[in-house]
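Every chain is numbered from 1 and lettered A, B, ... according to where its sequence line falls, protein lines coming before strand lines. These numbers were taken from a predicted model, which means no experiment stands behind them.
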Amino acid sequence: MRWTETFITTQRDDPQEAEIPSHKLMIRAGMIRKLASGLYTFLPLGLRVLRKVEAIIREEMNRAGALEILMPILQPRNLWERSGRWEGMDDIMLKARTHQGRELVLGPTHEEVVTDLVAREISSYKQLPKNLYQINTKFRDEIRPRFGVMRSREFIMKDAYSFDYDDASAERSYQQMFDAYTRIFERCGLNAMAVEADTGMMGGNRSQEFMVPAETGEDAIVLCPECGYAANVERAGRKEEPVRVTRTKQTIEEIDTPELRTVEELAAFFQTTADRFIKTLIYTADGEPVAILIRGDRDVNESKLRRFLGVEELELADEETIRKITGAPLGFAGPVGLEGVRIIADYSVAHIAAGITGANRKDTHLINVNIDRDCAIREYHDLAIAQEGDLCPRCGLPMTFRRGIEVGHVFKLGTKYSEALSAMVKDESGREKPAIMGCYGIGVSRTVAAIIEQHHDEKGIIWPSPVAPYQVLILAINPADEAVSGAAEGLYKELTKKGMEVLYDDRPVSAGVKFNDSDLIGISVRITVGKKFIRSGGVEVKRRDSEEVHSLPPSEVTELVEEMLSLI
RNA sequence: CGGGGCGUAGCGCAGUCUGGUUAGCGCGCCUGCUUUGGGAGCAGGAGGUCGGGAGUUCAAAUCUCCCCGCCCCGACCA
């Protein structure tokens, strides 16, 4: 492709709206343009990369035995009512309505559609296992779209769904997808890692996310450098620290704390630190109130709590409920004498000696509280968000934190959807059983952004060759000079004939502009034809990821470029 | 939804506090000439309902009110 015949508009300045490198570079390199918040057009250069990633995904999915299909984006409301997610996913679903008033959902995901399909078409265990996938646009009404295509309202996703008849087979399907994902991200040049994850709205038994470590990632990953335990912070467990505490012998005292509600305010008032406080939070779990005790310097991990309680709906109780349970307004709840509500304590409170806590009376707190002496706590559990230095739940050594970008997520769904949507198969004995499902997603457009996050420098993108929009860039310094353009044209034709994807920068602009654009769009191999060629007959070949320049006659270029591309 | 910021030419910005000729700068764009190894030079040129509406005023990019859009943090979320 000649630069003058394609549509690559680069920008010199960072766009004002972009914050992270991939977003800035995708705009500057002319890969994407914004239509509105969270909505982007892919321009030719960006689309080429997207297609490369898709091609890798297709190859690996097909190799793993998955079958490509294409499902509708618009889905009937009825299907979502049957799965029970019409309510639960209400806030992220974009909806449409036909002239007749029929309600449709712009698919945020496709479990319902694919399970319904399988329910209709498959009836015997002999037809299983099956794994169906598609690469399609998904719609999610994100509360806050951000970072360009990293989190947008409309995005390209590869989603696969496996159906098996027994646990062993389901486990194999899961493992096959896990392995395929590992290969896909590797081929995209990504250093990705699998971490334990929360199943969230998808439900199911177990899930793992594929994370690309990046400072700009939206997720926090907890890692154990010793045993390799890795988990999303939403999921991460922790081992309790064995701490010896000295109980106070002093008795509980009531202290006036007018209008002091938060731990910070109280810590300042008592001139002490947050870890002396027993924080008492009242939640409503599927309509039932529950009191959670946690040390003042810790936060409740609501995913853990939801999982522990086995409930769907979990939110902090409203003021009225708090008043009813504690007899006090918001900010003065405490475990001493608290009755008529289930109390669950995070392990962190077990160590507090002479603690401070709410007195269940307005403007009053208690001091000298010994949790074992003064409160009747029957349930202790790990309910806290993991923090730097917490101990690994597997090996007990301190864990570290990293940030990451979630590019893929694999789930063991069990029979949640197959039961709801009657995807039943007969086993050998003729009995009907729900199919065992797994689902597997890759954010394709997000993967493109993640690749840039991991592969760029101050000048621009540095594509791994398998996903580069073109493999080779030919840069003619002064194409008006016939010797230069002749040699460049010759190379362009020769390399193209060899099957390489070549972009030929034939623009009549100054050398600096071309060099800078070349670095910006990040094509793996650059061939420069300029006055050195006129002088000495040599052209220059350089990899984007290296400073080394090879000078050689045009006749030797093809071989060197082929060799280089095989290495990048 | 709460907090903060922004909206002036395609892009990046100044001007707004303290109202006052014809709204500026850099880059980009168009024409011509000269240039061509890391964002060229000279000359000429085009391009703006200053996000929108209402108001105050002799006078509004600038002050007031309402609305819209965009970005960041939080809440939330694959």
OP1 or OP2 of B/G37 versus the side-chain N and O atoms of A/K532: is any pair under 4.0 Å? no
Report which part of the nucleic acid A/G441 touches: base, sugar-phosphate, or nothing (heavy-atom distance under 4.0 Å, all strands). nothing
Distance criterion of 3.5 Å, no angle test: do you see the side chain of A/E540 paired donor-to-acceptor with the base of B/G37? yes
Of A/V513 and A/Q11, whose nearest nucleotide on RNA chain B comes first from the 5' end? A/Q11
Does the side chain of A/R144 get closer than 4.0 angstrom to OP1 or OP2 of B/C73 through an N or O atom? yes
Between B/G37, B/C71, B/G12, which nucleotide gets closest to the side-chain atoms of A/K34? B/C71
Mind checking if A/R33 touches a base, just sugar-phosphate, or nothing, with heavy atoms under 4.0 Å? nothing
Give A/E302 one of three labels, base, sugar-phosphate or nothing, depending on what nucleic acid heavy atoms sit under 4.0 Å from its own. sugar-phosphate
Within the structure shown, what part of the strands sits under 4.0 Å from A/A197 by heavy-atom distance: base, sugar-phosphate, or nothing? nothing
When you measure only distances, ignoring hydrogens and angles, does the side chain of A/R146 come within 3.5 Å of the base of B/C72 through a donor and an acceptor? no
Of the listed B/C70, B/A75, B/C77, the closest approach to the A/I143 side chain comes from B/A75
Assess the side chains of A/E406 and A/H409: does a donor N or O sit below 3.5 Å from an acceptor N or O? yes
How would you label the contact of A/E142 with the nucleic acid (heavy atoms, under 4.0 Å): base, sugar-phosphate, or nothing? base
Base, sugar-phosphate, or nothing: which does A/E209 touch, judged by heavy atoms less than 4.0 Å apart? nothing
Taking the six-membered ring for Trp, are the ring centroids of A/Y40 and A/F155 within less than 6.0 Å of each other? no
Among the nucleotides B/G38, B/A78, B/C71, which one has an atom lying closest to any side-chain atom of A/E406? B/A78
Minimum-distance nucleotide (side-chain atoms of A/I477 versus B/C13, B/C71, B/G37): B/G37
Need one value for A/P15: base, sugar-phosphate or nothing, where a base atom within 4.0 Å counts as base even if backbone is also close, heavy atoms only. sugar-phosphate
Reckon A/R235 touches a base, only the sugar-phosphate, or nothing at all at heavy-atom distances under 4.0 Å? nothing
With heavy atoms under 4.0 Å as the rule, sort A/Y440 into base, sugar-phosphate or nothing. nothing
What interatomic distance, in whole Å, is found between C1' of B/C29 and the corresponding atom of B/G47? 9 Å
Checking all strands, does A/D517 fall into the base, sugar-phosphate, or nothing category for heavy-atom contacts under 4.0 angstrom? base
For a quick check of understanding: with a heavy-atom distance under 4.0 Å over all strands, which category does A/F411 fall into, base, sugar-phosphate or nothing? sugar-phosphate
Reckon A/S37 has a side-chain N or O less than 4.0 Å from the OP1 or OP2 of B/C71? yes
Which residue, A/G38 or A/K531, contacts RNA chain B at a nucleotide closer to its 5' end, judged by nearest heavy atom? A/K531
Can you confirm whether the side chains of A/T115 and A/E111 place a donor and an acceptor under 3.5 Å from each other? no
Between B/A78, B/G12, B/C71, spot the one nearest the side chain of A/E19, thanks. B/C71
Would you check if there is a donor-acceptor pair between the side chains of A/D179 and A/Y181 at a distance under 3.5 Å? no
Write down the distance separating the P atoms in B/U31 and B/A23, rounded off to the nearest Å. 28 Å
Going by the side-chain hydrogen bond (donor to acceptor under 3.5 Å, both in side chains) test, name the single residue among A/E315, A/E302, A/R306 that passes it with A/Y283. A/E302
With a non-hydrogen cut-off below 4.0 angstrom, is A/D91 in contact with a base, only sugar-phosphate, or nothing? nothing
Please check if any side-chain donor atom of A/S83 sits under 3.5 Å from a side-chain acceptor atom of A/E112, or the reverse. yes
Which nucleotide in the list B/A78, B/C77, B/C13 gets nearest to the side chain of A/H409? B/A78
Quiz item: cation-pi between A/K95 and A/W86, 6.0 Å / 45°: yes
Categorize A/R28 for me: base, sugar-phosphate, or nothing, with a 4.0 angstrom heavy-atom threshold over every strand shown. base
Which value, in whole Å, describes the distance between the P atoms of nucleotides B/A60 and B/A54? 13 Å
When you measure from the side-chain N and O atoms of A/S510 to the phosphate of B/U36, is any distance below 4.0 Å, counting only OP1 and OP2? no
With respect to the side chain of A/R151, which nucleotide from B/G38, B/C11, B/C77 is positioned closest? B/C77
